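Quantities reported herein were computed from a predicted structural model and do not represent experimental measurements.
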Amino acid sequence: MSDEVKVEDQSQEAQETAVSQAEAEHALNNVAVLKKGATVKGKIVKVDADQAFVDIGYKYDGVIPVRELSSVSLNDAAQAVELGQEVELKIVSINDAKETLVLSKRVVDNEKAWETLQGQLESKEIIEAAVAEVVKGGLVVDIGVRGFVPASMVERQFVEDFSSYKGRTLRLRVKEIDREKNKVILSQKDILDEEFETNKKKIIEGLQVGQVLDGTVQRLTQFGAFVDIGGIDGLVHISELAWQHVEQASDVVKEGDKVKVQILKLDASNDKISLSIKATQDGPWSNVERDFKAGDIVTGTVKRLAAFGAFVEVAPGVEGLVHISQIAHRHIGTPHEVLKEGQEVQVKILEINLAEKRVSLSIKDTEDAPEAPAGAAAPSSAGKPERERQPRGDRDRGNSASHQKEIAGNENVSLSNQGLSMTLGERFGDKLAKFKK
């Protein structure tokens with residue numbers, strides 16, 4: 001019996017061995033035949049810094065070098081793939097003798113990307129991509145191919161330093177493609193501009209002339225300051241920055257300042273808004289009645305000189321006119337003979353007209369009149385010294401139409417009767433002087 005059992009055991013082992021060999025041969029016969037250039041699918045099983053390993057169901061695993069993971073430069077393979085990720089790959093090279101299988105994810109992604117880029121260009125589709133590199137002139141993104149975003153197409157405003165943009169996800173639109181040159185240009189600014197214009201129209205529709213708003217100074221120009229009033233910019237002209245005369249906007253505000261502004265004009269058709277800062281503040285004339293009265297002698301600054309007199313600032317934003325006849329006791333042909341711009345002077349307030357916001361001033365009334373020389377004309381019957389005669393040409397200039405028009409056009413000044421009056425004696429004196437000659 002024992003011999004029979006041994007024979008049966010040997011026979012069974014032989015059968016099992018034969019089956020195992022048959023299964024192995026069958027498995028080998030069914031292993032896919034891989035060729036260079038073929039496309040395969042697999043699962044990432046290991047990720048190193050410089051490469052990733054992938055199981056594609058072959059007799060050994062394939063490797064994806066870091067340079068074959070993406071169209072852009074990577075520092076680590078983990079930036080492109082992760083464990084367990086399903087990927088589609090192209091066979092770069094295969095060597096069964098050495099059991100080496102090199103695969104590329106970049107080539108497959110690149111081929112797929114070019115298929116869709118033309119459609120995205122035509123449809124103006126918005127796509128998202130992370131910034132892979134910050135290079136000279138702009139940003140590089142991976143969209144299956146290497147995409148470039150020029151610096152001028154990143155934001156609506158100028159950006160000086162893009163170092164913080166690496167890794168940031170941008171919303172982009174395809175602007176230009178050239179497959180032969182492997183060139184793709186994208187823009188985020190186009191999207192931001194469209195959104196801004198849409199938002200701007202909505203904001204303008206909700207605004208009203210006279211409305212007071214909080215704003216932030218965005219940028220300064222030679223003619224004023226642009227202020228953001230909640231997603232849209234309005235212009236504060238230099239004349240509306242302050243009640244006093246402003247030479248340049250930076251004398252009053254700087255970028256980033258929080259300000260209150262009043263809407264002066266709305267031009268919805270051209271998306272223009274005119275604003276004023278000074279309209280939200282007390283005007284310089286609000287305290288004039290409290291701080292000044294006729295007869296006061298105050299210190300002022302000569303702001304401007306004209307043929308007919310000098311404009312003197314007696315308080316911020318409050319200018320008065322010293323007529324040429326009120327500058328000095330002696331006759332002068334032009335204010336430049338006595339005064340210069342920026343000079344501090346003592347002035348006497350002759351008249352205040354709050355309704356018209358005008359002030360008449362005198363410099364000579366703050367000074368003692370010089371003693372009359374021997375043989376000078378005796379005082380008049382009214383007890384006042386006879387006025388110095390003014391040549392007719394000067395009188396005519398002082399009362400000419402252009403002279404009056406310039407004074408009337410200045411909201412800060414007016415002429416009192418003291419500054420313009422002319423006695424009958426003066427008129428006859430001029431006539432007699434001609435006969436004596």
Point to revise | Check ion pair K202-E205 (N to O, under 4.0 angstrom) | key: no
Practice item. For K189 and Q157, run side chain to side chain contact (heavy atoms under 4.5 Å, CB included): C-alpha distance rounded to whole Å, both residues' side-chain angles, the deciding distance at 0.1 Å, then the answer. Key: CA-CA 9 Å; K189 180 178 179 294; Q157 70 278 6; over 6 Å; no
Check your understanding: With side chains defined as the heavy atoms from C-beta onward, is the minimum distance between V359 and L321 less than 4.5 Å?
Key -> no
Exercise for review: In plain terms, say whether E88 and K105 are close enough for a salt bridge, that is, a side-chain N and a carboxylate O under 4.0 Å apart.
Suggested key: no
Point to revise | Carboxylate-amine/guanidinium contact D190 K175, below 4.0 Å | key: yes
Review point. Do you know the tightest heavy-atom contact between V141 and V131?
Key: CG1-CA, 4.0 Å
Exercise for review: Evaluate the side-chain proximity of V66 to D76: yes if any heavy-atom separation is below 4.5 Å, no if none is.
Suggested key: no
Review point. Does a side-chain N-to-carboxylate-O contact under 4.0 Å join R106 and D109?
Key: no
Point to revise | Atom CG of N270: over 12 foreign heavy atoms under 6.0 Å | key: yes
Check your understanding: Under 4.5 Å between any side-chain heavy atoms of L186 and F148, yes or no?
Key -> no
Exercise for review: Could you tell me whether E351 and R358 make a salt bridge, using a distance below 4.0 angstrom between a side-chain N and a carboxylate O?
Suggested key: no
Review point. Thinking salt bridges, do E319 and K357 make one under a 4.0 Å N-O criterion?
Key: no
Practice item. Compare all side-chain heavy atoms of V314 with those of V288 and state whether any distance is below 4.5 angstrom. Key: no
Review point. Salt bridge or not for D233 and R219, using N-O below 4.0 Å?
Key: yes
Review point. Does CZ in R67 sit with more than 12 non-hydrogen atoms of other residues, nucleotides or ligands closer than 6.0 Å?
Key: no
Check your understanding: What's the shortest heavy-atom distance between L339 and A310, and which atoms?
Key -> CD1-CB, 3.7 Å
Exercise for review: Look at R171 together with E195 and state whether they make a salt bridge at an N to O cut-off of under 4.0 Å.
Suggested key: yes
Review point. Is there a side-chain contact between D61 and V45 (heavy atoms, below 4.5 Å)?
Key: yes
Check your understanding: Does the side chain of T299 pick up a donor-acceptor pair with the side chain of E344 at under 3.5 Å?
Key -> no
Check your understanding: Between E313 and K303, is there a side-chain N and carboxylate O pair less than 4.0 Å apart?
Key -> yes
**Study point:** salt_bridge(K293, D296) N-O dist < 4.0 Å
**Key:** yes
Exercise for review: Using a strict 4.0 Å threshold on nitrogen-to-oxygen distance, state whether E111 and K90 make a salt bridge.
Suggested key: yes
Exercise for review: Might you confirm whether atom NZ of K43 has over 12 heavy atoms from other residues, nucleotides or ligands at distances under 6.0 Å?
Suggested key: no
